[in-house]
Amino acid sequence: MASTGFIELLRLADLARARSSGRQGGQVYDWRGIVFEIGGQRLVAPMGEVSEVLAMPEYTNIPLVQPWMLGIANVRGRLLPITDLAQFLHIPSQQQKSQRKVIVVDHSTVFSGLLVDKVLGIEQFTRSQYRPEAINSDSPFAPYNHGKFFKDKQDWFIFMPSLLAQDSKYIDAAI
């Protein structure tokens, strides 16, 4: 009886080591991302560039800013500018604002909330699934794309919030 308990402890310890190293079910995952949709396009953002996902918080409008700058929300004592990513990219959103989610980006000097249509969860990818192929150059996501993953017979295009944070059109929201 005691040996059965000890074996179970070893199994749990191995499972914990596997999860902390990224290995699950014999598969090693090199990359994890937040999957979201905007304007009917499914994208994945690196876990390291998204600090959290929120339901749409209450916010205060800001005068004399671009229409895609929705306002400022107080999130746990920190002021979070909220931008409508679909409106910034000039694509139609497919959800009402109240049903949409906010992806919080905390990248060097940029702390911002990106309003997206849906957040679908976390997806894991292996190095062998990565393809250095860009999204179509006429796509509004092209300047913020960094290749794709091919998994489950579909493309998972990578959206880099850090590239958005470097875009002067995004940073300068004043009119």
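Predicted, not measured: the structure shown is a model, and the values here were computed from it.
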**OP:** Run the salt-bridge test on R100 and D84 with the 4.0 Å N-O cut-off and return the result as yes or no.
**Re:** yes
Subject >> Under-4.0 Å salt bridge between R78 and D106 >> reply: yes
Side chains of [X] and [Y], heavy atoms from C-beta outward: is any pair under 4.5 Å?
X	Y	result
I122	M47	yes
I135	K148	no
F159	L85	yes

**OP:** Establish, yes or no, whether the cationic atom of K118 lies under 6.0 Å from the six-membered ring centre of F36 and within 45° of the ring axis.
**Re:** no
Original post:
If you draw the axis of the six-membered ring of W156, does the NZ or CZ of R42 fall within 45° of it and under 6.0 Å from the ring centre?
Top reply: yes
Kindly compute the distance separating [atom1] ([X]) from [atom2] ([Y]), expressed to the nearest 0.5 Å.
X	Y	atom1	atom2	answer
I91	S139	CD1	OG	7.5 Å
I103	E49	CD1	CD	11.5 Å
Q94	Q41	CD	CD	10.5 Å

Original post:
When the ring planes of F149 and Y130 are compared, do they come out parallel, tilted or perpendicular, using 30° and 60° as the limits?
Top reply: perpendicular
Original post:
Would S162 and Y144 satisfy side-chain hydrogen bond (donor to acceptor under 3.5 Å, both in side chains), going step by step from the backbone distance to the final call?
Top reply: CA-CA 8 Å; S162 58; Y144 317 109; over 6 Å; no
Original post:
Could you walk me through whether T126 and D30 pass the side-chain hydrogen bond (donor to acceptor under 3.5 Å, both in side chains) check?
Top reply: CA-CA 5 Å; T126 63; D30 302 306; 5.4 Å; no
**OP:** Locate the shortest heavy-atom distance separating A173 from M69; write the atom from each residue and the value.
**Re:** CB-CE, 3.9 Å
**OP:** Walk me through it: do E52 and R76 pass the test salt bridge (charged side-chain N to carboxylate O under 4.0 Å, His left out)?
**Re:** CA-CA 12 Å; E52 64 182 305; R76 288 179 293 290; 2.4 Å; yes
